[in-house]
Amino acid sequence: MGVILKLALRNITEHRAKTIIIALFIVFGTAIVILGNSFLESVNRGLERDFRANYTGDITIGASLPEGMIADIFGANETSFTGNIPQIPPLSDLDKVEKVLAGTKGISETTKLIAAKALMVKGLEFDFAQLFDDDSVSFIDAPVFMLFAGEEDTYFKTFGGQHIVEGRNIDYHSEENEILVDMRLKTKFSKFFKEELKVGDSVLVAGANTQGVVRDAVIVGFFTPPNEHSAMFQTVYAKPDFARAFGDLTYASTLEEELPEGIDTSMSDFNEEDLFGEDELFGDMISDDQSQVLSSGEIDFNAILGDTSLRDQLNKTADGSWHYIQVKVSNPHEAESIISSLNKTFQEEGIQARALNWKKAAATYTSSLAGINILFNILVIVLAVVVFIIIMNTMVVSIIERTSEIGTMRAIGTEKSFVRLLFFTEATLVTIVSAITGTILALIIAFIFNGLEFTITNDVAKMILGGGQIQFRPTPLIVILTIFIASAGSFLSNIYPVSSALKVTPLKALSKGGE
């Protein structure tokens, strides 16, 4: 082996031009792969830490979804168009789920959440059409936000990293609809409406995914997120009774079997003839005088709909209804096994619930990162194929030029296995040295770039990239895998040219060398 190593080193130095060409491709290819994977690792780990600590917990438990619906803490969507506005379904088996959680080991904290999307407006009305004449803003700048309402005694203990910069936190015992507003939303509101928001301002909150739900609220404070570089959409915190209307958590959506006692479910005592017969109800409403719309006769319009107490009752928000239970575990590494155990229990006991990990609970964000991961992996594969082809072509040329050398070794009795091992040793040495050099280059670039603390402020870019701070976090696993893949690629790129050269007979090889 020592002889082969010496010969390999001698051949590498003698053919330094081609060696340098091959080495440079490996160096830059290794650096690019390590930096790319380090960036994705930083994004994924940063997003996971942020969301598990501040928004989703380690486990999120929601209601079982009907076929064709997908949902996370940011809202619901349907895979097929039904014409209805999809809503996050409430947890109907809340008591049963809590009982299961109470008997599950490894759980450290639990809280409940109501989530909805909403829009903030100041004043009784606003004409959005006038904004289209202003080129400085677009509809994407509208003050839309995530409305989160947590359980009074547990939510801010579980997710309590908000930094209040003005005012105070919401008071759950206040009779007013108090809201705590993200500073990013304050900035966006000022840009969009050309008007400042202040503590104590009364605003209107309109549901973004509901039909006509509008409530007034009072701003009691402004906060910055626990992670200043968070990819999380701007958020407003409110009390549960305020948020339930925007989350469609009414008795109509949560009532399953029993209706409130004493409520008449019939529409009224009028039949179809009474409602639409020309001679009965509406006859008095039509006058011979076309200029007169209604007759002077007195009509009890309230009686047309009959008893509306059922409708009024079902439209009330359902106290005690929630979208999600969020869980933190003692050991984050056990989260997946606990999720599997919970889902198995839910299925066995017929509980209409599902336990999700943080990725599925924040699928709106993680799906965009998954797309970036796929795109990057495709680019890495393309890069690897290109580098592989270039190295193989360079090796083919190099070995063809060394045909006479191969013929000489074969003529003096050298076995094919020795020649093959010699060329593979040369390739391995070049690859390892080049890959290590590429790794050092990547680490230097990462260190310099991380020191610059480069950040982005665009909300869309932050959502796509999983955060506002761009960092490279190379791990030992990334480095080892990259060097291994580079070595394997180099090995494979040598198989064809070496095998082709060994097929040439020693006499033919020597004659070519003489030519």
Side-chain angles (χ1 to χ4, degrees), residues 55-67 69-73 75-76 86-116 147-160 172-173 237-263 310 313-330 334-358 360-361:
Y55 304 108
T56 64
D58 300 311
I59 303 171
T60 295
I61 300 172
S64 299
L65 300 178
E67 186 176 354
M69 175 180 282
I70 54 177
D72 61 6
I73 65 170
Q87 302 289 345
I88 303 173
L91 265 172
S92 57
D93 292 338
L94 186 64
D95 293 338
K96 295 179 181 178
V97 172
E98 289 184 309
K99 185 177 179 181
V100 171
L101 291 176
T104 302
K105 294 182 179 179
I107 292 177
S108 59
E109 298 174 84
T110 63
T111 188
K112 301 184 185 73
L113 176 71
I114 300 167
L147 181 66
F148 282 170
E151 189 176 36
E152 175 183 350
D153 299 326
T154 61
Y155 187 81
F156 285 110
K157 291 180 181 178
T158 307
F159 304 113
Y172 282 89
H173 302 289
Y237 293 98
K239 293 184 293 184
D241 55 354
F242 176 75
R244 286 189 175 103
F246 300 97
D248 198 35
L249 294 178
T250 61
Y251 283 109
S253 64
T254 59
L255 204 60
E256 291 185 342
E257 295 180 358
E258 297 183 359
L259 294 173
E261 294 182 3
I263 295 181
L310 174 60
Q313 181 73 10
L314 295 182
N315 283 334
K316 291 182 179 179
T317 55
D319 294 338
S321 57
W322 299 89
H323 283 143
Y324 295 107
I325 295 179
Q326 295 178 294
V327 178
K328 285 191 175 181
V329 297
S330 304
E334 295 179 353
E336 291 296 335
S337 62
I338 295 175
I339 289 171
S340 178
S341 175
L342 288 173
N343 283 326
K344 182 179 179 181
T345 303
F346 294 156
Q347 185 176 8
E348 291 174 349
E349 298 186 10
I351 298 174
Q352 299 300 308
R354 59 195 179 109
L356 310 170
N357 60 21
W358 79 274
K360 292 182 179 178

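Keep in mind that the numbers below use all heavy atoms, side chains included, and drop hydrogens, waters and symmetry copies.
Nearest approach of L249 to S321, heavy atoms of both residues: CB-OG, 3.4 Å. Across L65 and A71, no two heavy atoms sit closer than the pair CD1-N, 3.6 Å. Counting all heavy atoms, side chain and backbone alike, A335 lies closest to V329 at CB-CG2, 4.3 Å. Y172 approaches P240 most closely through the heavy-atom pair CE2-CD, 3.6 Å. Of all non-hydrogen atoms in A353 and S64, the two that sit nearest each other are N-OG, 3.1 Å. The two residues W322 and G320 have their closest heavy-atom pair at CD1-O, 3.2 Å.
Distance OH/Y324 to CG/L91: 9.0 Å, rounded to 0.5 Å. In this structure, CD in E152 is found 10.0 Å from CG in D241, a value given to the nearest 0.5 Å. Rounding to the nearest 0.5 Å gives a distance of 9.5 Å between CD1 of I59 and CG of N343. Here the straight-line distance linking atom CZ of R354 with atom CG of L342 works out to 13.5 Å at 0.5 Å rounding. Rounding to the nearest 0.5 Å gives a distance of 10.0 Å between CD1 of I351 and OG of S92. We find the CZ-NZ distance between R244 and K239 to be 11.5 Å, quoted to the nearest 0.5 Å.
Remark: the backbone N or O of S337 is not paired with any side-chain donor or acceptor of S341 at under 3.5 angstrom. Between the side chain of T111 and the backbone N or O of Q326 there is no donor-acceptor pair closer than 3.5 Å.
With respect to L113, the side-chain contact (heavy atoms from CB on, under 4.5 Å) criterion is satisfied by exactly one of Y55, F148, F159: F148. Here the rule is side-chain contact (heavy atoms from CB on, under 4.5 Å) with V97, and of V100, L101, L94 only L101 fits it.
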>> For a side-chain contact (heavy atoms from CB on, under 4.5 Å) check, start with the C-alpha distance between E336 and N357, then their side-chain angles and the critical distance, and finish with the verdict.
In response: CA-CA 7 Å; E336 291 296 335; N357 60 21; 3.1 Å; yes

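The pair K112-E151 meets the salt-bridge criterion, since a charged nitrogen lies less than 4.0 angstrom from a carboxylate oxygen.
Within 6.0 Å of CD in E98 there are more than 12 heavy atoms belonging to other residues, nucleotides or ligands. In this structure, E348 places its CD atom where more than 12 heavy-atom neighbours from other residues, nucleotides or ligands lie under 6.0 Å away.
The closest side-chain heavy-atom distance from F346 to I61 is below 4.5 Å.
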